[in-house]
Structures are given as C-alpha cells and as structure tokens.
Amino acid sequence: MHKLITKFSPLLLLLAVLAALAAPGRAQEVTMVLRLQRDFGYGDGSGRIQGLFSMNVTAPADVEKVIFQIDGQSIGEDASFPFKLQFNTDNYTPGLHTLSAVGKLPDGVEIASNEIQAQFLSPEESRNATGSIIIPLLGTIFGLMILSFAFTMISIRRKPRLPLGTPRNYGFMGGTICPKCGRPYALHFLKINLLVGRLDICPHCGKWGIVHPLPLQTLRDAEAAELDWDKDGKGQVKEMSEEEKLRKDLDDSRFQ
Ligand SMILES: [Zn+2]
C-alpha cells in the first residue's frame with residue numbers, strides 16, 4: 001500500500017500543480033463582455049456615434065454589481081441583471097472616449113470588461129453625417145418620380161387617340177383596365193407601387209388609378225367590348241349606375 005502511494009505520488013504532485021495552474025486560468029475565463037447598443041441616434045458602425053446609447057454587460061453569475069465608466073470615470077451602476085446603463089453622448093464633450101465596465105464580486109474582487117473606443121459626434125456633426133446619406137438618396141428617389149411623371153404625361157399628350165377596339169401590345173409589364181374610363185392599356189414601366197396596387201396613369205383619359213395587372217384574355221375582352229360602346233360618345237364612356245351594372249351583369253349571365 002505504502003508502495004502504491006509512493007509510486008503514484010509524482011502523479012498526484014503533477015495533478016496538484018496542474019490544478020494550481022488551472023485555477024487562475026479559470027478566473028481569466030470569467031470575463032465581463034461590454035457591448036454598445038444604439039437606442040436612438042446615429043451610429044455609422046465604425047464607432048462614430050451620437051444620441052442615446054446603452055452599455056450592456058454580460059457578466060459571470062456571481063457578479064453582484066456593474067459599474068459603468070466613460071474614460072475611467074463612473075457614470076452609474078446597475079446591481080441587477082441584465083446589467084445595463086443608458087447614456088446620452090450629448091452630455092459629454094465630442095471626441096474620442098473609452099467605454100468600460102467593472103464587475104464587483106461578493107468578496108470585493110473587481111473584474112474589468114473589455115474597452116470600447118467611440119467617437120462621440122456633436123449633434124451638428126451627426127446631422128451632417130445623416131444628411132449626407134439621406135438627402136442625396138431622397139433627392140434621387142424624388143427626381144426619378146418627377147421624371148417618370150413628366151415622361152408619362154408627355155407620352156400621353158403626344159399619343160393620338162387610339163380607336164376603340166384596337167388590339168394593344170401590353171409588353172412584358174402586362175396590361176390593366178382603367179377604373180375611370182374602362183379602356184385597357186399597357187402598364188407603364190415607371191409606376192408607383194403601393195401596398196394596395198400600382199398607381200398608374202391611363203393613356204386614354206389621363207386619370208390616375210390604382211390598378212393591377214390583368215390576364216391577357218381579360219384585356220382582349222375589354223378591347224372587344226370597346227366596339228360595343230356608344231360611338232356618339234367618341235370613346236367617352238358613360239358612367240354606369242349601379243343599377244345598370246347589375247342589369248348588364250344579369251344580361252351577360254343569361255348568355256352563358
Ligand atoms: Zn382611363
């Protein structure tokens with residue numbers, strides 16, 4: 001027995017040494033991870049920030065309290081999970097700042113978090129930075145919309161009136177029937193997509209309407225239907241009353 005212990009004692013010693021070495025290693029694994037979260041404001045992803053931000057800390061379970069720091073100065077603490085503190089960059093001088101956090105263990109030991117470098121922008125710098133992205137973008141969008149309106153209006157003005165019943169080429173955009181005059185037309189390439197449909201302009205009556213692409217057969221039927229219209233009206237469709245529509249539907253169904 002004594003021999004056995006003697007034989008194993010170098011191994012036990014080795015284990016003891018390993019355990020001693022591993023202990024500080026475990027302590028180092030117990031880290032505090034600090035993250036910066038934008039609540040309301042500007043952040044360009046490269047550390048340039050302005051507005052309302054939060055420091056979030058993921059801490060080991062035995063951390064009782066987290067102290068949040070900017071440039072090593074405490075700006076507040078949180079003693080409950082999730083450890084978090086909101087701050088406004090406008091309360092600090094613009095420029096480079098270091099954000100960090102310290103976790104306090106029950107025995108008074110402090111654990112430091114990683115540090116985050118952030119360039120606090122003044123509200124004016126933030127506005128300029130935001131504007132430099134958004135204003136050209138909005139300008140481009142509005143410019144395209146105005147151009148598309150202008151081209152559509154010009155093409156409608158120049159186009160001679162299409163005789164009733166003329167077969168139309170609806171192109172790859174497809175066609176639709178104007179809800180105002182009832183004549184079919186090819187959808188314009190530049191139209192305004194809305195949630196409820198597309199806002200497009202009718203080349204026949206020049207009125208805007210919310211339309212959907214329709215099957216080709218429906219469009220051909222609508223072309224043919226134009227021939228039945230009152231020629232005296234020169235293509236101007238009389239608005240059908242609800243009663244007339246109902247009667248027409250009944251008449252149509254009778255022939256089926
Ligand atoms: Zn129309």
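Note that the structure is a prediction, hence the values are computed from the model and not measured. In each ligand, atom 1 is the first atom listed, and ligand 1 is the first ligand listed. Basis for what follows: all heavy atoms, side chains included, without hydrogens, waters or symmetry-related copies.
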Exercise. Please work out whether the ring planes of His188 and Tyr185 are parallel, tilted or perpendicular, with thresholds of 30° and 60°.
Key: tilted

Quiz item: What protein N, O or S atoms come within a distance below 2.8 Å of the Zn ion (ligand 1), ordered by chain and number?
Solution: Cys178 SG, Cys181 SG, Cys202 SG, Cys205 SG

Practice problem: Kindly indicate whether the side chain of Arg38, heavy atoms from C-beta on, has any atom under 4.5 Å from the side chain of Ile49. | Solution: no

Quiz item: Distance only, no hydrogens: is a donor on one side chain within 3.5 Å (strictly under) of an acceptor on the other, for Gln69 and Ser100?
Solution: yes

Quiz item: Taking NZ, NE, NH1 and NH2 as the nitrogens, is one of them in Glu64 or Lys104 under 4.0 Å from a carboxylate oxygen of the other?
Solution: no

Quiz item: Are Arg168 and Glu226 within salt-bridge range, i.e. N to O under 4.0 Å?
Solution: yes

Exercise. Please say which of Thr58, Val66, Asn56 ends up in a side-chain contact (heavy atoms from CB on, under 4.5 Å) with Phe83.
Key: Val66

